[in-house]
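Here is how names work: the chains are called A, B, and so on, in the same order as the sequence lines, proteins then strands, and each is numbered from 1. Not measured: the values here are computed from a predicted model.
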Protein chains: 2
Amino acid sequence: MRVPVTDEAIDKIKAMIVSGELRPGARLPKEADLAERLGLSRSSLREAVKALSLIRVLDVRQGDGTYVTSLEPDLLLDALGFVVDFHQDNTVLDFLEVRRILEPAATAMAASLMSDEDIARLRTVLDSLGDEPTLEELITNDLEFHQLIAAGSGNAVLCSLVEGLSGPTTRARIWRGVTEEGAVSRTREQHEAILSAIESRRPDLAQAWATVHVAGVEQWLRKTLGSPVSAL
Amino acid sequence: MRVPVTDEAIDKIKAMIVSGELRPGARLPKEADLAERLGLSRSSLREAVKALSLIRVLDVRQGDGTYVTSLEPDLLLDALGFVVDFHQDNTVLDFLEVRRILEPAATAMAASLMSDEDIARLRTVLDSLGDEPTLEELITNDLEFHQLIAAGSGNAVLCSLVEGLSGPTTRARIWRGVTEEGAVSRTREQHEAILSAIESRRPDLAQAWATVHVAGVEQWLRKTLGSPVSAL
DNA sequence: ATGCTGTAAAGATCAGACGTTTGAGGTCAG
DNA sequence: CTGACCTCAAACGTCTGATCTTTACAGCAT
């Protein structure tokens, strides 16, 4: 079985990074040189670079050069969001189920580890929502709220995973449903309960409320998908 | 800010898939045609296709054509393993911490949901390990054991995530340490305990043993990384 | 010192040619 | 009629080389 030279190039560049020859932030030789060194044409090399660039391993800057990214988990994992966007309907439930596992765990960790300043900021975010928020505001606020908590877990991988698992697309769809059902106030109360538990430094309570929160969304979505009405 | 035409192409192809214009398994127009339709050259289009191919969204077959993959979660998420390979040292702990959250949850689900046949197969796998297994055999067996359990959760996303989180690279490194420390028998006993709990259909017990199992590895790794001895 | 400007370097894009693989259809022997 | 083999067109794979755009940086003017 012949292996395309482009795939080989991907592996070689990956190897250079994993082996430490190319450190995070390091600059790659210019395309022409690297192509010669790896024994392929510039066109083929560019395909490899583009692929590694999509998953945020390489950072290509026109007029400057190509660099290895910081390789921080959040960078590499946010490519996950891209992938999640492709899933629809039934598989969304699987994603949500995983979120129901991860998010409560992250919330519990956050209740123990977040600094008082970060908790105060969380309060600010929650209180900043007006009485008659638009759909757009709801989504943004919800996203920021959950992201701050995820970040508060102190685990970058966990944080990125939680964020990536509920991509913008998914979140938008869910919120549309929530508002149509007039469940905005209930969601808001749950956010308040989660924050209160964090403010009181009670991980178990925070975890429980987070579970209730995600499970609520999950239940609603399960019902919605079950009925043939909402194909979209 | 000008966006590269290649990135545009990626977005457009993605949009075609998400919108349903291109169904899973569908065949794309041939490169020349698609390039013309998207208004760019074949070279640039190929870069886009290569990137989408790396994350398993497209499947390119020489001499045949380019197809949209099944888009099953396991396909898209196994690209995660590729990403995980780039992480080393400290970040590995973050990954392991997430695994300590996900794997017990998956194990509990498996204890409830796995069919008797699947449980029997799990028993076969565990018993197939000889008395003096090689390092290679240990890794393979361990991987198969945990993968069967993850699959038993019935959640494809959860399964892929658990698998991807402990890539071959990471697993190999950990096992090397475990064997050097003579902790093989202890690991084996824990596998046995997990399986027993599943066979008895006791999710809570299975979850607890899984937690103990992963936490043990985590603890060992934390200690190892702490001491400056093992830079590799 | 500050701001502007020119220039070289590096990536972005394109066009076209040629190689390689594969699926499909046709042919012929059994 | 069926199956193995062959042929070939279609589609991806790769390379070359030219041209455009953007960027960093140094040198100049204020």
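The nearest whole Å value for the distance from the CD atom in A:E8 to the P atom in D:dG13 is 14 Å. One interatomic measurement links the two molecules: CD of A:E47 to C1' of C:dA12, which rounds to 14 Å at whole-angstrom precision. The distance between atom CD of A:E31 and atom P of D:dC20, rounded to the nearest whole Å, is 18 Å. Per the geometry, CG belonging to B:D59 stands 12 Å off P belonging to D:dC12, to the nearest Å. The distance from atom CZ of A:R27 to atom P of D:dT23 is 14 Å, rounded to the nearest whole Å. Rounded to whole Å, atom P of C:dT13 lies 16 Å from atom CZ of B:R46. Atom CG of B:D7 is separated from atom P of C:dT13 by 8 Å (rounded to the nearest Å). At whole-Å resolution of the value, NZ in B:K30 and P in D:dA10 are 7 Å apart.
Using modelled atom types, no side-chain atom of A:D74 and backbone atom of A:S160 make a donor-acceptor pair closer than 3.5 Å. At distances below 3.5 Å, at least one donor-acceptor pair connects side-chain atoms of A:T124 with backbone N or O atoms of A:A120. Listed for the A:N155 side chain is a donor-acceptor partner under 3.5 Å among the backbone atoms of B:D94. No side-chain donor-acceptor contact under 3.5 Å links A:S44 to the backbone of A:S41.
A 6.0 Å sphere centred on CD of A:E36 holds no more than 12 heavy atoms belonging to other residues, nucleotides or ligands.
There is no side-chain donor-acceptor pair under 3.5 Å between B:H191 and B:N141.
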Write out a two-atom table: protein N or O, nucleotide N or O from nucleotides 15-17 of chain D, distance below 3.5 Å.
| from | atom 1 | to | atom 2 | distance (Å) |
| --- | --- | --- | --- | --- |
| D:dC15 | OP2 | A:S41 | N | 3.0 |
| D:dC15 | OP2 | A:S41 | OG | 3.0 |
| D:dC15 | OP2 | A:S44 | OG | 3.0 |
| D:dT16 | O4 | A:S43 | OG | 3.2 |

Using nucleotides 24-26 of chain D, report all nitrogen or oxygen pairs with the protein that are shorter than 3.5 Å.
none

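Between B:R222 and B:E218 there is a salt bridge, since a side-chain N of the basic residue sits under 4.0 Å from a carboxylate O of the acidic one.
Atom-to-atom distance recorded for B:E31:CD and B:R42:CZ is 4.5 Å, nearest 0.5 angstrom. Taking CZ of B:R123 as the start and CG of B:L195 as the end, the distance is 4.0 Å to the nearest 0.5 Å.
Between the side chain of A:Q62 and the base of D:dT23, no donor-acceptor pair of N or O atoms lies under 3.5 Å.
Side-chain N/O atoms of B:T66 include one lying less than 4.0 angstrom from OP1 or OP2 on D:dC12.
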